[in-house]
Amino acid sequence: MALSKVTVVLSVYNVEKYLPECLESLLNQTLDKVEILCVDGGSTDNSSAILSEYAERYSIIKKIEKKDRYGEDDVSSLLKESCGEYVIFLNSSDVFHPELLKKTYEAGAGEHADIVLFGARDYGTDTDEAIDAPGYFRRELLPDKMVFSRKDIPNDIMSISSPDLWLKLFRRDFLFGEKLEIPLFQHANDIYISLVSMCVAGRITYVDEDLVYHRTGFRDNLVGENPQNCVWWLTAVYKELSSRGIFEEVEKNWTEMALAALESELTKVERPVDKIGLCGAIGSEEFLQTNIFDHSDEFYNSLNRKEKVEGALYALKWQNRMRKYLAENEGKAECLKKSIVTEKPLVSVVIPVYNVELYLEECLDSIVNQTLRQIEIICVNDGSADTSGDILMRYAQNDQRIAIYVQENRGQSAARNEGIRHANGEYLYFMDSDDILETNALELLYSKVKKNELDVIFFDGSSFSGPDKSNEVEGTYKKYYQREYTYPEICRGEELLCSFVQHGEYRVSPCLQMTKRSYFMDRNLFFYEGIYHEDNIYTFCCMLNTDRAGYVHEILFHRRVREQSTMTAQVSFAHVYGYFISFLQMNKFAERCLFTEAVGDAVNTLIYRVLHNARNKYMDLSLSEKCSFWGMEPYLQLLFNLYVVEPSDSIQRWKDYRQLLQQTYAEKSELNRKLQTAYAEKSELNKKLQVTYGEKSEINRKLQIAYTEKSERGLKIKTLENTIVQLENQNEQLKTEIETLKRTMGYKVRKIIGYLPEIIKRNMRKLGRGIKR
């Protein structure tokens, strides 16, 4: 076989629309002695037929069919059969400058270079316009020499040219000598070979021109769509360079290139499931062996980029936390001691306990010494690692009213819910294990709720701190739990909520309220588990569900302000997540309710306040920890990105939506009022109709009687009419018979005989009248 100067390897898959133009641009190359190997990866369109046609017409084109485009075979077998001094791998959707092969070959042969670099321009599929794309060949990174290697620019050797194979001309013997085997149709492998070859090449040169028009906006399905491929080729490059003993020379360049590539992948991945999959690859033990995150801050050109990519580890950490919680949540609490009470308890006091050995005794003393004795005390040890459990058992031995349950650490909400499930009291009170309650509190509250038949009653508190707290922190909470205004002893929950909000005295702590257990259970008011700030959901729903709420203007509760409590702990993503979930749950509940305009405004204020807290806490996080939300469930990740990460438009849309919703509710309320009026009018009309129906029924009854009588009369008339007809018929017959008799002699004689007596009678009457005169 005659030696060729350049072998072109053209990968083809479903490009019938662009393949002829691509082939023509190769046939029009000014370089002689060129062979073109067209490898069809099993195209399902007309690409294969086009290749066959060109291969028959032009001897320099050879068609090779490859049934499995993702197979294990590589280009080595093809290159062994080829005869080109240099090899170039091109895309079948691109168009090439007529002197691409000539200029790159002459540059390579002239310098005996292993690799020849060149530039490219983007070619719009829709516009057919070429656009400058300097990122393909970063000329500003070139050293002051025509031939160079990694030793000249170790920190830029992998960045000077895009890692795409089609931007490089390779010396064939260099590829075989370095054992760089290039699988077909494997985009990740292409990048791997491109980067490794740049690092191992001893002589690299370039042509300072744009010689390829790379078609954009077209997906030929040759590029791997799995974002985890990026981690694969980065790891493969690291391993290969390490095995060759040259990784340390280019480590800084590899690190920056890796971070840039991973940041790009994390940014462009849209599907949450793909993003968390990519995070998993980044956090894999194999990839972390590259020590990409373990350098000093000064090592990185962009610390922000490093922190963003490192955010993948935070996302995995959050996902693992959620999985661990779900797994632990499947377990049940163990009862260490049940409470023993002779009478049904009036109040069940539920106390979640977690690592509060320094404060627990003071808390328990304030409960066991309550003046209301008919109570039960349910303590749930939420996996404490200190002596809190021992303290509970000691108190339980001295007070039969105390019940103790223990569970794996699942959080305050889960502990409260566990206690509620075992509660038997008429009312529920939630106490925190590091705080204090006035000894007359439960008695006072119980008397109020019974007197006024309340579902829930609210009261006030104060705050105090130990010597370890700063005056600044103490001042923040000093009067937070005290209310200056007075509120109704009996009212609708939404009215009380509205008043609290209007006076700036709305507080969410369940420790500042006592709730009727039957009301709690009927409304399913269990605490949302697995989050911080769950009190926002509970108090919000508790107040809006009841028609009978009340307030007593008494300081009965004392909050201890201390380090590492939920209120004072350092902000983490868990706090952001808690506010975010609270926002979603509150918004979901509010959408099902109909409020007046004033209550609607208060409700919106509270919901937005929680969302605002989520946003502010999120902004306080490090760039890495901000990425924790990638570890959320996919639907939550999308909502979090919408409302918290990029909230500028979404929050306003949410506000507009809530305003429109309230307006709709107001209109609906007015319609309901009109409907009620219409229903009342309809009811009155129904009453009148009932009267009318009664009268109508009576009339119908009389009409029925009349119809019956008429029917009977009709029958009688019909009978009489028949009788008359019969008599008339008989009369006619008699007349006929009389006429017949009249014509007989006997009739005439009888008539004369009968007539004479009649004449005599008349004459005698006349004679008698004359004698009287």
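The shortest side-chain heavy-atom distance between Phe148 and Leu142 falls under the 4.5 Å cut-off. Side-chain contact between Phe580 and Gln585: absent, with no pair of heavy atoms (C-beta onward) separated by less than 4.5 Å. Side-chain contact between Ile115 and Leu117: present, with at least one pair of heavy atoms (C-beta onward) separated by less than 4.5 Å. Inter-residue side-chain proximity for Val6 and Val87 is flagged as unmet; no heavy-atom pair is nearer than 4.5 Å.
No more than 12 heavy atoms of other residues, nucleotides or ligands shown are found within 6.0 angstrom of CD on Glu248. When the shell of 6.0 Å around CD of Glu270 is examined, it contains 12 or fewer heavy atoms from other residues, nucleotides or ligands. The environment of His612 atom NE2 is sparse: at most 12 non-hydrogen atoms of other residues, nucleotides or ligands sit within 6.0 angstrom. When the shell of 6.0 Å around NZ of Lys617 is examined, it contains 12 or fewer heavy atoms from other residues, nucleotides or ligands.
The existence of a salt bridge linking Glu591 and Lys588 is excluded, since no basic side-chain nitrogen approaches an acidic carboxylate oxygen closer than 4.0 Å. Comment: Lys239 engages Glu286 in a salt bridge, judged by a side-chain N to carboxylate O separation of less than 4.0 angstrom. Contact check on Glu209 versus Lys103 returns a salt bridge, with a Lys/Arg side-chain nitrogen under 4.0 Å from an Asp/Glu carboxylate oxygen. A salt bridge does not link Asp152 with Arg203: every distance from a Lys NZ or Arg NE/NH1/NH2 to an Asp or Glu carboxylate oxygen is 4.0 Å or more. In this structure, Arg215 does not pair ionically with Asp94, as no charged nitrogen and carboxylate oxygen lie closer than 4.0 Å. Ionic pairing of Lys268 and Glu263 is not present here: no N-O contact between side-chain nitrogen and carboxylate oxygen is shorter than 4.0 angstrom. Ion pairing between a basic and an acidic side chain is recognised when a charged N comes within 4.0 Å of a carboxylate O; Glu310 and Lys308 show no such pairing.
Taking the six-membered ring for Trp and the full ring otherwise, the centers of Tyr238 and Trp233 sit at least 6.0 Å from each other. Centroid-to-centroid, the aromatic rings of Phe573 and Phe629 stay 6.0 Å apart or farther. For Tyr618 and Phe640, the ring centers are positioned less than 6.0 Å apart. Side-chain rings of Trp630 and Tyr314 stay apart, their centers remaining 6.0 Å or farther from each other.
Although no hydrogens or angles enter the test, the distance criterion places no donor-acceptor pair under 3.5 Å between the side chain of Lys33 and the main chain of Leu3. A donor-acceptor distance shorter than 3.5 angstrom exists from the side chain of Ser52 to the backbone of Ser48, with no hydrogens or angles considered. Between the side chain of Ser4 and the main chain of Gly84, no donor-acceptor pair closer than 3.5 Å is present. Side chain of Lys5 to main chain of Tyr86: no donor-acceptor pair is present (N/O by atom type, distance under 3.5 Å, no hydrogens or angles).
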For this session: Check step by step if side-chain contact (heavy atoms from CB on, under 4.5 Å) holds for Thr255 and Lys252.
Result: CA-CA 5 Å; Thr255 300; Lys252 183 175 178 63; 5.7 Å; no

For this session: Take Lys63 and Asp40 through the salt bridge (Lys or Arg N to Asp or Glu O under 4.0 Å) test and state the conclusion after the steps.
Result: CA-CA 7 Å; Lys63 177 186 175 183; Asp40 178 41; 5.5 Å; no

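Distance check: Ser92 OG to Glu21 CD gives 12.0 Å after rounding to the nearest 0.5 Å.
Listed here is the closest heavy atom pair of Met146 and Thr205: O-OG1, 3.0 Å. Of all the heavy atoms in Pro98 and Gln29, the pair that sits closest is O-OE1, 3.0 Å. Across Cys22 and Asn91, no two heavy atoms sit closer than the pair SG-O, 3.8 Å. When all heavy atoms of Leu303 and Tyr300 are compared, the closest pair comes out as CD1-CD1, 4.2 Å. In terms of heavy-atom proximity, Ala315 sits nearest to Cys627 at CB-O, 3.6 Å. Of all heavy-atom pairs between Trp318 and Ser628, the closest is CB-O, 3.8 Å.
The one candidate from Tyr136, Phe96, Phe89 that meets the ring pair (Phe, Tyr, Trp, His ring centres under 6.0 Å) condition with Trp166 is Tyr136.
The stretch residues 622-639 participates, sequence neighbours left out, in no salt bridge (charged side-chain N to carboxylate O under 4.0 Å, His left out) pair at all.
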